[in-house]
Structures are given as structure tokens and as C-alpha cells.
K.L.:
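Got a structure for you, written out below as C-alpha cells; questions coming shortly.
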Amino acid sequence: MFILILIASIISLINAAAIVSRSQSYPSSSQLAVLGPKTRLTIGNKVIAPDGFERSATLVNGVFPGPLIAAQKGDDFAIEVVNELQDESMFMSTSVHWHGLYQNGTNYADGASSVTQCPIAQNHSFLHTFSAPNQAGTYWYHSHYSVQYCDGLRGPLVIYDPHDPLAHMYDIDDASTVVTLSDWYHTVATVLRYVIGNTASSSLINGLGRYAGGPMSALAVITVEQGKRYRMRLISMSCDPNFQFSVDGHNLTIIEADGELTEPLVVDQLQIFAGQRYSVVLVADKPVDNYWIRNLPNTANASYEEGTNSAILRYKGAREVEPATVNTAPKNPLAETNLHALINPGAPGIPEYGKADINLNLKVSVVDGIFYVNNVTFKPPTVPVLLQILSGAQEPSQLLSNGSVIILEANKVVELTLSTTGLAVPHPMHLHGHSFDVIQSAGNSTLNYINPVRRDVVSTGVPGQQVVIRWVTDNSGPWFLHCHIDWHLEAGLAVVMAESPSDTRAHLNHAPHAWDQLCPTFDSLTPSQLGGGGLKSYEEATNISTLLYPPPPLPSATS
């Protein structure tokens, strides 16, 4: 007994100086499960406590974040999504989207429920087969069914390029250098989706973190060796907040944005929005020690107290203690306009505003928490847009959701200007099926047609600002354009870009028979088979906030 008391006393003394890292009892980033491009993802429920708070979650293969799917450039993908969900408080159907992959010719494999497929019902599966022959970089996968990914269904996907033109800049690029950034909620998303303006309980780095007032739970540790150069692939799997990411004492050289290589750009802090990815080169050239990795969300009262919003960069040979490094104001933060595409720079079309083949102007507004794009809120149709097109619908008036489907001609340059009014938060807008050139970044008056950054998620900035993007309609099919704050997508902030519907059937590889069966199976589900808590979820929401969306109708297949 005396020995036990002595040990406890020693530990408490150590804690007074520097909290001992308990990360060794948790999977570290270097132990991230890795799957190949031909694999199976089993979607199920499990109780986890990534920040010390236990709750049931919706997970891939029982882990958060989900396993890394790692492929080589040119690989074909065959990923079976198996639905074994059982927790009726959360959704029991699912869909999985492969964020950033163009799905050229395989629109049906994009995974966007209500746009390209019906959800996968409980105890069923669907095999996603597709290729990405000309893509390499940092991507991710996540549920695209209502707000389900906020409950945990999200994971990294990387396509490695053996001939990467920037490979000379780094020594190490593997599973240990994939860095996932996410928000986490102590209440299930099926309840929070009724709350207008809910706030994350914590933010996690590689699936670990702490929340204010919570236990000193384990933090993620990224281990580096002095003298080596690391390609860190930052992935924001956020459902809402954007993050200010930095590593104490270290510069970061950006070489990729959203799967597109950039001219190398040195920064000491970068803002990363929901859905965005950056590859940064970190040179481990500092004294052997521990350094704070900081990832501050744009939520009220966010701080680094007690190790919240943080992880640890640990040099080999350093003590296993938490860092004592001090946060300093950035001297060289990222400005998006300083990023330039490395490969084939230059926007398509005539380099002049309004001189594209198709010029669109979308205005986002919000009333009582409901979002509108050009005065129309997106409501998921009961029949996916792709199925409507393949069934013969060709005109906007024929396509549901009414007013939310924009038809674009084939092989045209599209210039989209997007602005917001009302809610003073930046919306990260993501376009499926394409990367685009950012002609004008939010908060900047300059138009750049010569060498803008190319990416697939862009911030709209705050009311009074606008963003301008360009892409070419060379990928027939319906593609979602939506806010990647999942609560905002749920509240209507989306439209569908239907590229050349008359060409879609010919453009698509043959959709598998299993795809045709998704809708009949899903449509036959009873309310209890859908999960989501029904009206009980709304009743729980009333205990959280008085600022709520209207109560839901009785549960249905489109809820």
C-alpha cells in the first residue's frame, strides 16, 4: 500500500510540472488502420470516448476516424459499403461519398443521397466501383445522408503519386503523416439537426481531444525525427467550424490544396474550412522536444486551455510529456490569393469577368435558420436526380427539387459568382464532380484568371463579400453544389448542377443492378427501420435550446 501511495504522489508531482501524455494507450497516428482501394467498409455503431465523454457513434470498421484508404495513382477502386447500423437514436440507413474524386463516367457511385443514389438500407450493402485515372492527392470519405457524418462516419483517402513532381521536398509521406481535424458532439446529430446554431463540444486531431471542463484525456501524438522532412496531409472533416492550424516554432510549406498541387508557399498558420485539405511540408529542424500542434475552431470561447484544440508534435528522443511551448501570433498566415496552381495554371475561357460561356449568379440568404439559394431552399427529392434523368426528365421544370436544379450545357466554361446575406459566417462551398479555379477569393477585390488556386471547396466569406469560380462542364451528370457545414446543407444550402442531362445515359458506364435496387429497398422501410429517433429527437432538442427548426412530420423515408 505504501508503494502505491508513493507512486501516486510521484505522478501527482510530475503532473504539476507537465501532464504526462497518456496517448500510448490509444492508437496513435502511426497506427492508423490502412485499407487498399479494393476493400470493405462496415458501417456500425459503437460507444467511444475520443475526448473522454462516452457516447454511441456511427463508425467505419469500429474506429474514429475511419481507416485510411490508400491507393496509387491509376488504381481502380472497388469499395463495398456494408450497413450494419443498429442504434435507433441515429440514422440506420447510410451513403458514402468519396470527396474530391470526379467520378467521371460513374456518377452513380458518387454516394450523394437524393442526388445520385438512394441510401443503403440497414442489413444491405452496395459496391462502389470507380476509377480516378488522372487524380492524386488528399481526399476523404464521409456519409452523405442527412447529418450522419457528424456522428462519426468520416475517414481519410489518399491517392499517392509515385511520380509526384514535388517529391524532392519531403522524405516521409505515409499513414503517420495523415492529420485529420474534426469537430465532435456529445449529443447525437439526429437531435442537433433541429437546433439552429449548435456548437461542437470539442475538436479532435487524429480522433483525440479534450473538451472544456472535461477530463485530461489522451491527445494525439505525431512523432518526427530531427532532420527529416514530412508531408503532412491535413484533412478538415469538420461538420461546422473552420480551424486555424499551426505548429509551435515551425513553418509549414503548402504544396497541395484539395487534391491539386500548388506552387510551394511558406506560412506559419493556415485557416482550413470544412471539407478542405492541404498538404504541408514540415521540416523537423528544431531542438528535440515536444511542440504544441494548435487547431483553434471559430467557435465562441475557444482556447488552448488544458490542452483543448491541440495535439503534440514529439521529436524522437523527447520526454513523453506535454509541451511547454508558447502560442505566438502568426506573422505569415495563409492568404488564399497567394496560392497558385502548379500544373497547367490558368482559368478556362476568356480571362474577363462575365465572359464565360455560362455566367451564374447565386445569392444565399437565410430566414429563421432555413437557407435559400436565389430564394429557393433545397429539399431532398424522394427520387434521386440521377434516376430522374435516366428516367427521361431533361428540363428544369421536370426535375425535383423544383428550382434547385440548374441545367448546364456540355463542354462549356461556367463562371459562378456566389454571395451571401444574413448569417455572418463563411460557408465552405463544395462542388462534386470537379475541381474549379478560384477567380476571386472572399474578401479580395482582385480577379485572377492567370494562375489562381484550383480546389473543390471554397469559402464564401461573410455578407458583403463574394467568391467567383470557373470550371468546364466535361462530366455529364448531376453534381451537388452545397455548403459543407452539414447543418447548413440539412437546412437547404445546396443546388444541383445537372450537366448535359441528354448525354448522361451515354456518358455513364452501365449502372450496376444493385444501384437500381437501392431505391425500392429504401422506400420500403418502415419509420422504425429508418432510425433517427423520430419525434423523440425533436423533444430532446427542446431541452437543449429554444431556437429550433419547426417540429418534423412523422418519420418517413425522406426525413
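Fair warning: this is a prediction, and the values are worked out from it, not measured in the lab.
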K.L.:
Examine distances only and state if a side-chain atom of Y372 and a backbone atom of V367 form a donor-acceptor pair shorter than 3.5 Å.
P.N.:
no
K.L.:
Identify the two heavy atoms, one from S93 and one from Q148, that lie closest to each other, and give their separation to 0.1 Å.
P.N.:
O-NE2, 2.8 Å
K.L.:
Just do the side chain to side chain contact (heavy atoms under 4.5 Å, CB included) check on L334 and Y278 with the steps written out, would you?
P.N.:
CA-CA 11 Å; L334 168 65; Y278 289 105; 3.5 Å; yes
K.L.:
Would a distance-only check, ignoring hydrogens and angles, find a side-chain to backbone donor-acceptor pair under 3.5 Å from T473 to K412?
P.N.:
yes
K.L.:
Can you tell me which residue pairs pass the ring-ring contact (aromatic ring centres under 6.0 Å, His included) test with a partner in residues 378-410, sequence neighbours excluded?
P.N.:
F378-F480
K.L.:
Apply the side-chain contact (heavy atoms from CB on, under 4.5 Å) test between L387 and each candidate in P381, P478, C519; give the one that qualifies.
P.N.:
C519
K.L.:
Tell me, do P512 and Y108 make a side-chain contact under 4.5 Å, heavy atoms counted?
P.N.:
yes
K.L.:
Output all residues satisfying ring-ring contact (aromatic ring centres under 6.0 Å, His included) with Y185, sequence neighbours left out; order by chain, then residue number.
P.N.:
W487
K.L.:
So, are D183 and R154 salt-bridged, with charged N and O less than 4.0 Å apart?
P.N.:
yes
K.L.:
Please tabulate, for side-chain N and O atoms in residues 69-77, each donor-acceptor pair with protein atoms closer than 3.5 Å (sequence neighbours left out).
P.N.:
unit_1, atom_1, unit_2, atom_2, d
D75, OD2, Q72, N, 2.8

K.L.:
Mind listing the closest non-hydrogen atom pair of E409 and I358 along with its distance?
P.N.:
N-CD1, 3.9 Å
K.L.:
Just so I know, are the side chains of V425 and N242 near enough to count as touching, which here means a heavy-atom distance under 4.5 Å?
P.N.:
no
K.L.:
Give me the ring orientation class for W471 and H434: parallel if the planes are under 30° apart, tilted from 30 to 60°, perpendicular past 60°.
P.N.:
tilted
K.L.:
Using distance alone, with no hydrogens and no angle criterion, decide if Q466 and Q440 have a side-chain donor and acceptor under 3.5 Å apart.
P.N.:
yes
K.L.:
Quick one: do the Q465 and T460 side chains pair a donor with an acceptor below 3.5 Å?
P.N.:
no
K.L.:
Nearest heavy-atom pair of L360 and M497: which atoms, and what distance?
P.N.:
CD1-CE, 4.0 Å
K.L.:
Does the plane of the ring in W98 sit parallel, tilted or perpendicular to the ring in H128? Use 30° and 60° as the thresholds.
P.N.:
perpendicular
K.L.:
How far apart are the C-alpha atoms of H432 and V115, what are their side-chain angles, what is the distance that settles it, and do they pass the side chain to side chain contact (heavy atoms under 4.5 Å, CB included) test?
P.N.:
CA-CA 11 Å; H432 291 214; V115 179; over 6 Å; no
K.L.:
Quick one: side chain to side chain donor-acceptor pair (under 3.5 Å) partners of S238, sequence neighbours excluded?
P.N.:
none
K.L.:
By salt bridge (charged side-chain N to carboxylate O under 4.0 Å, His left out), which residues pair with D173, not counting sequence neighbours?
P.N.:
R233
K.L.:
Report yes if the side chains of L101 and I159 come closer than 4.5 Å at any heavy-atom pair, otherwise no.
P.N.:
yes
K.L.:
Taking only distance into account, with no hydrogens and no angle test, what donor-acceptor pairs under 3.5 Å do side-chain atoms of residues 252-259 form with protein atoms, sequence neighbours excluded?
P.N.:
unit_1, atom_1, unit_2, atom_2, d
E256, OE1, T138, OG1, 2.8
E256, OE1, R231, NH2, 3.1
E256, OE1, S279, OG, 2.5
E256, OE2, T138, N, 2.7
E256, OE2, T138, OG1, 3.4
E256, OE2, G259, N, 2.8
D258, OD1, R277, N, 2.8
D258, OD1, R455, NH2, 3.4
D258, OD2, R455, NE, 3.0
D258, OD2, D456, N, 3.1
D258, OD2, V457, N, 3.1

K.L.:
Would you sort out whether D437 and Y449 count as a side chain to side chain contact (heavy atoms under 4.5 Å, CB included), showing the intermediate values?
P.N.:
CA-CA 8 Å; D437 287 282; Y449 292 94; over 6 Å; no
K.L.:
Between S441 and T337, is any side-chain donor less than 3.5 angstrom from a side-chain acceptor?
P.N.:
no
K.L.:
Is a donor on one side and an acceptor on the other found under 3.5 Å between the side chain of N198 and the backbone of L192?
P.N.:
yes
K.L.:
Could you check whether any side-chain heavy atom of L481 comes within less than 4.5 Å of a side-chain heavy atom of M429, counting everything from C-beta outward?
P.N.:
yes
K.L.:
So D151 and L153, do their side chains get closer than 4.5 Å, heavy atoms only?
P.N.:
no
K.L.:
Establish, from distance only, whether the side-chain atoms of N104 and H507 form a donor-acceptor pair under 3.5 Å.
P.N.:
yes
K.L.:
Taking the side chain as every heavy atom from C-beta outward, state whether L399 and I407 have any pair of such atoms under 4.5 Å apart.
P.N.:
yes
K.L.:
Ignoring hydrogens, what is the shortest heavy-atom contact between L400 and V405? Give both atom names and the distance.
P.N.:
O-CG2, 3.8 Å
K.L.:
Looking at every non-hydrogen atom in both residues, tell me the closest pair between I389 and P501 and how far apart they are.
P.N.:
CG2-O, 3.6 Å
K.L.:
Which residue pairs pass the ring-ring contact (aromatic ring centres under 6.0 Å, His included) test with at least one member in residues 379-402, sequence neighbours excluded?
P.N.:
none
K.L.:
More than 12 non-hydrogen atoms from neighbouring residues, nucleotides or ligands closer than 6.0 Å to NE2 on H163, yes or no?
P.N.:
no
K.L.:
I'd like to check the ring-ring contact (aromatic ring centres under 6.0 Å, His included) partners of F64; sequence neighbours left out, ordered by chain and number.
P.N.:
W184
K.L.:
Using distance alone, with no hydrogens and no angle criterion, decide if Y102 and S435 have a side-chain donor and acceptor under 3.5 Å apart.
P.N.:
yes
K.L.:
For the residue pair Y160 and A175, what are the closest heavy atoms and their distance?
P.N.:
OH-N, 4.2 Å
K.L.:
Under 3.5 Å, side chain of Q269 to main-chain N/O of P333, donor-acceptor pair present?
P.N.:
no
K.L.:
Do the non-hydrogen side-chain atoms of V467 and S459 ever get within less than 4.5 Å of each other?
P.N.:
no
K.L.:
Quick check against the 3.5 Å criterion: does H97 have a side-chain atom that pairs as donor or acceptor with the backbone of D110?
P.N.:
yes
K.L.:
Excluding sequence neighbours, so at least two apart, what forms salt bridge (charged side-chain N to carboxylate O under 4.0 Å, His left out) with D174?
P.N.:
none
K.L.:
Got a donor-acceptor contact below 3.5 angstrom from the S131 side chain to the P133 backbone?
P.N.:
no
K.L.:
Who are the disulfide bond (SG atoms under 2.5 Å apart) partners of C483, not counting sequence neighbours?
P.N.:
none
K.L.:
If only side-chain N and O atoms count, and only distance matters, is there a donor-acceptor pair under 3.5 Å linking Q103 with T106?
P.N.:
yes
K.L.:
Would you kindly say whether T417 and N361 are connected by a side-chain donor-acceptor distance under 3.5 Å?
P.N.:
no
K.L.:
Just jot down the ring-ring contact (aromatic ring centres under 6.0 Å, His included) partners of W140, sequence neighbours excluded, or say none.
P.N.:
H99, H142, Y149, H484
K.L.:
Say you draw a straight line from SG of C150 to CG of D486; how long is it, rounded to the nearest 0.5 Å?
P.N.:
4.5 Å
K.L.:
Measure from the side-chain N and O atoms of R470 to the backbone N and O of E415, and report whether any donor-acceptor pair falls under 3.5 Å.
P.N.:
no
K.L.:
Is the H482-H488 ring centre distance short of 6.0 angstrom?
P.N.:
no
K.L.:
Under 3.5 Å, is there a donor-acceptor pair between the side chain of N451 and the main chain of H340?
P.N.:
no
K.L.:
Considering residues at least two apart in sequence or located in another chain, which fulfil the side-chain contact (heavy atoms from CB on, under 4.5 Å) criterion with T199?
P.N.:
T299
K.L.:
In the structure I gave you, are the side-chain heavy atoms of T116 and P384 within less than 4.5 Å of one another anywhere?
P.N.:
no
K.L.:
For the pair I222 and N206, evaluate side chain to side chain contact (heavy atoms under 4.5 Å, CB included) and give the outcome as yes or no after the intermediate values.
P.N.:
CA-CA 9 Å; I222 298 174; N206 285 351; 4.2 Å; yes
